[in-house]
Amino acid sequence: AHVLSPAYLEKINKPIKLIVPDGSWRQASKVAKRETELKNIARVTLPFIKLSEYRLRREPKDEGLATFEAIARSIGIIEGPERGPQIQKRLEDVFKLMVSRTLKSRGTL
């Protein structure tokens, strides 16, 4: 997989179609085997920037993210430096609110 970065984006054709399988890493890694249409698409990984804000489950890998976080960070990179950070922040704010409300409903916040 290529690291999703501005330099990588310069090398590929536009528009970009972001396909994000939801599930554990193991489940997501098998999607291309099950779905033949996805077999030859380019795969990307995100650069490690910061730890996940997802506190509802324990993540075994430091670089692991919830699917929504991965989408927010991907869009932040894809949209570029002018719009990307604002879009990413708004998505991450919604995500953090969901996490905090879930923890509060569980009585753990």
Side-chain angles (χ1 to χ4, degrees):
H2 300 277
V3 175
L4 185 60
S5 67
Y8 175 71
L9 293 173
E10 287 178 15
K11 298 175 186 177
I12 63 172
N13 293 328
K14 307 279 186 319
I16 296 167
K17 295 176 184 161
L18 185 64
I19 300 169
V20 183
D22 188 23
S24 68
W25 185 92
R26 189 167 194 268
Q27 292 166 333
S29 69
K30 294 180 178 185
V31 169
K33 292 176 185 167
R34 286 194 318 263
E35 304 296 332
T36 57
E37 297 85 12
L38 301 177
K39 195 173 204 166
N40 296 318
I41 63 169
R43 290 170 179 76
V44 295
T45 186
L46 290 168
F48 180 77
I49 298 169
K50 64 179 181 174
L51 294 174
S52 172
E53 298 281 339
Y54 193 62
R55 299 174 291 156
L56 303 180
R57 276 189 253 149
R58 191 178 67 79
E59 172 58 49
K61 298 179 180 181
D62 286 342
E63 67 277 9
L65 299 172
T67 303
F68 195 89
E69 282 179 300
I71 293 168
R73 292 182 189 187
S74 297
I75 290 173
I77 295 167
I78 291 168
E79 287 296 322
E82 286 185 29
R83 295 174 18 132
Q86 294 85 11
I87 296 169
Q88 180 179 340
K89 183 182 181 324
R90 288 192 304 206
L91 290 169
E92 288 176 341
D93 288 346
V94 170
F95 180 76
K96 290 176 192 175
L97 182 62
M98 181 276 302
V99 170
S100 69
R101 287 185 177 174
T102 300
L103 291 172
K104 186 175 182 180
S105 74
R106 292 178 180 176
T108 57
L109 184 66

Practice task
Check whether more than 12 heavy atoms from other residues, nucleotides or ligands sit under 6.0 Å from atom NZ of Lys96, and answer yes or no.
Solution key: yes

Exercise for the section: Evaluate the side chain to side chain contact (heavy atoms under 4.5 Å, CB included) criterion for residues Lys50 and Glu69: first the C-alpha distance (whole Å), next the side-chain angles of each, then the deciding distance (0.1 Å), finally the verdict. Expected result: CA-CA 11 Å; Lys50 64 179 181 174; Glu69 282 179 300; over 6 Å; no

Fill in the blank from the handout: Paired with Leu65, the side chain to side chain contact (heavy atoms under 4.5 Å, CB included) test is passed by just one of Ile49, Ile71, Leu51, Leu46, namely Leu46

Problem - Atom pair NZ/OG1 of Lys33 and Thr36 - distance to nearest 0.5 Å - result: 14.5 Å

Exercise for the section: Could you pull out all residues at least two apart from Lys61 that satisfy salt bridge (Lys or Arg N to Asp or Glu O under 4.0 Å)? Expected result: none

Fill in the blank from the handout: Scanning both residues in full, the closest heavy-atom pair of Leu18 with Val20 reads CG-CG2, 3.7 Å

Exercise for the section: Would you check if the side chain of Glu92 reaches a backbone N or O of Ala72 as a donor-acceptor pair within less than 3.5 Å? Expected result: no

Practice task
Applying side chain to side chain contact (heavy atoms under 4.5 Å, CB included), run through Met98 and Leu56 and close with a yes or a no.
Solution key: CA-CA 10 Å; Met98 181 276 302; Leu56 303 180; 4.1 Å; yes

Handout entry: From CZ (Arg55) to OG1 (Thr102), nearest 0.5 Å
Key = 10.0 Å

Handout entry: Ser29 versus Arg26, closest heavy-atom pair with distance
Key = OG-O, 2.7 Å

Handout entry: Taking every non-hydrogen atom, the tightest pair across Pro21 and Ala28
Key = CG-CB, 3.8 Å

Practice task
Quick one: pull up CG in Asp93 and CD in Gln88 and give me the separation to the nearest 0.5 Å.
Solution key: 10.5 Å

Completion exercise
Closest non-hydrogen contact found for Ser52 with Ala66 is OG-N, 4.3 Å

Problem - Shortest non-hydrogen separation from Gln27 to Arg34 and the atoms involved - result: O-NH1, 4.0 Å

Completion exercise
dist Ile41:CD1 -> Ile19:CD1 (nearest 0.5 Å) comes out at 4.0 Å

Exercise for the section: Using modelled atom types only, decide if a donor and an acceptor are shared between the side chain of Arg101 and the backbone of Val99 within a distance under 3.5 Å. Expected result: no

All N/O donor-acceptor pairs, side-chain side in residues 4-15, below 3.5 Å, sequence neighbours left out:
{"residue": "Ser5", "atom": "OG", "partner": "Tyr8", "partner atom": "N", "Å": "3.2"}
{"residue": "Lys14", "atom": "NZ", "partner": "Leu9", "partner atom": "O", "Å": "2.7"}

Handout entry: All side chain to side chain donor-acceptor pair (under 3.5 Å) counterparts of Glu79, not counting sequence neighbours
Key = Arg83

Practice task
Kindly indicate whether the side chain of Ile77, heavy atoms from C-beta on, has any atom under 4.5 Å from the side chain of Pro47.
Solution key: yes

Problem - Student check: side-chain heavy atoms of Arg90 and Ile87 closer than 4.5 Å - result: yes

Fill in the blank from the handout: Nearest heavy-atom approach of Arg43 to Ala32 is NH2-CB, 2.6 Å

